[in-house]
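To find a chain, count down the sequence lines: A is the first, B the second, and so on, and within it residues start at 1.
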Protein chains: 2
Amino acid sequence: MEERVPVPPPHPARDITEHVGYRLKRAAAALRGAMDKVLREHGLTVPQYSCLELLDENPGLSNADLARGTFVTRQSANVVLRGLKEAGLITRPATADHGRALPVHLTPAGHERLHAARAAVYAVEERMIHAIPGRRLTALLADLDAMAEALGE
Amino acid sequence: MEERVPVPPPHPARDITEHVGYRLKRAAAALRGAMDKVLREHGLTVPQYSCLELLDENPGLSNADLARGTFVTRQSANVVLRGLKEAGLITRPATADHGRALPVHLTPAGHERLHAARAAVYAVEERMIHAIPGRRLTALLADLDAMAEALGE
DNA sequence: GGGCGTATGTCAATGTGTTGACATGCCGAC
DNA sequence: GTCGGCATGTCAACACATTGACATACGCCC
């Protein structure tokens, strides 16, 4: 490049209320990267892990449920599910007994893989949490939620 | 689905220190979605807008610079740049005079498009900011940065 | 000056995510 | 009962992002 700029923030300093999006994006990217790194050692991607975690707490969720829970579209979730089924980590009936929703369940292999990966992911989350004052954690969580809701969910 | 669960958080309630990743992801997804929606009316995607904004503040950035600034890989940034060039919003020399870096500049059309989209994006950011107490905004920004740095940048 | 390390641009393959569209199945209103 | 609204699963096309790899160009150190 030219002057080796450390990539300053977008619109420099009109006032602090700007940049929120930038910082949010940066933090999310860092988290994603860190999770990706540790999960690769377990043969999982972030969306795959998210699905397994969600399914462990709520067995029988449908594809659409998982999509909502991981903040993506049904189509994306469907692709992830196909991968997980391919890997033998989940089961999914070919036909629904009631509606159209096909309830997904973890296989024993899925449980095992999840439990192995979980420790690594929790370690990342710990690292992240210890970086903030601690007294502010609750407020931070509330603010993140408030922002999400303000944007229409 | 089965019992119409509003998709509860992953690991329910061991203590509040968990879920940070979940909330962060949710907030980032909401922001992304909202920006995507308003930007579509201007014929731009989020990464495209990010590049334009960065270039407006720092003309002559290279592809690699933009990649760092938008938290993606050089390859991803390269694809975005190709799209922007295709749309006539940026210029990029075919050959570098000094190193290998090819300095990118906004065209008049690029400036115009950016200025039009900026208002819409700022409105989204305003909506997001107004959802949090205001007194906590500075702390929130600091915490987001701290988390990003703790995860290895 | 020759090599080494670093940074860059690019190609290829793959995974993830999106919009748009469609068919199917339930459920409540009529 | 039937019809319309709504949710679901799925197909196709496309945008975006990743890892991995490679060639090129610069700066530095020896």
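- Of the residues in residues 77-94 of chain B, those with a non-hydrogen atom less than 4.0 angstrom from any atom of DNA chain C are N78(B), R82(B), R92(B).
- Within 4.0 Å of T73(A), counting heavy atoms only, lies at least one base atom of the nucleic acid.
- Of the candidate nucleotides dG9(C), dT18(D), dG9(D), dG9(D) has the atom nearest to the side chain of R74(A).
- Remark: R40(B) in residues 33-44 of chain B come within less than 4.0 Å of DNA chain C through at least one heavy atom.
- A straight line from CZ of F71(A) to P of dT18(C) spans 12 Å, rounded to a whole angstrom.
- For K85(B) (side chain) and T91(B) (main-chain N/O), no donor-acceptor pair under 3.5 Å exists by modelled atom type.
- At whole-Å resolution of the value, CG in D65(B) and C1' in dT6(C) are 15 Å apart.
- Picking from dT16(C), dT18(D), dG9(C) the nucleotide with the shortest atom distance to the side chain of S76(B) gives dT18(D).
- If you take CD of Q75(A) and P of dT10(D), they are 11 Å apart, rounded to a whole angstrom.
- In this structure, the CZ atom of R32(A) is 14 Å from the P atom of dG15(C), given to the nearest Å.
- Looking only at atom types and distance, the side chain of E53(A) has a donor-acceptor partner in the side chain of Y49(A) under 3.5 Å away.
- Of the candidates L106(B), L52(B), T107(B), T45(B), L84(B) forms a side-chain contact (heavy atoms from CB on, under 4.5 Å) with just one, namely L52(B).
- The side chain of A64(B) approaches dG9(C) more closely than any other nucleotide in the set dA15(D), dG9(D), dG9(C).
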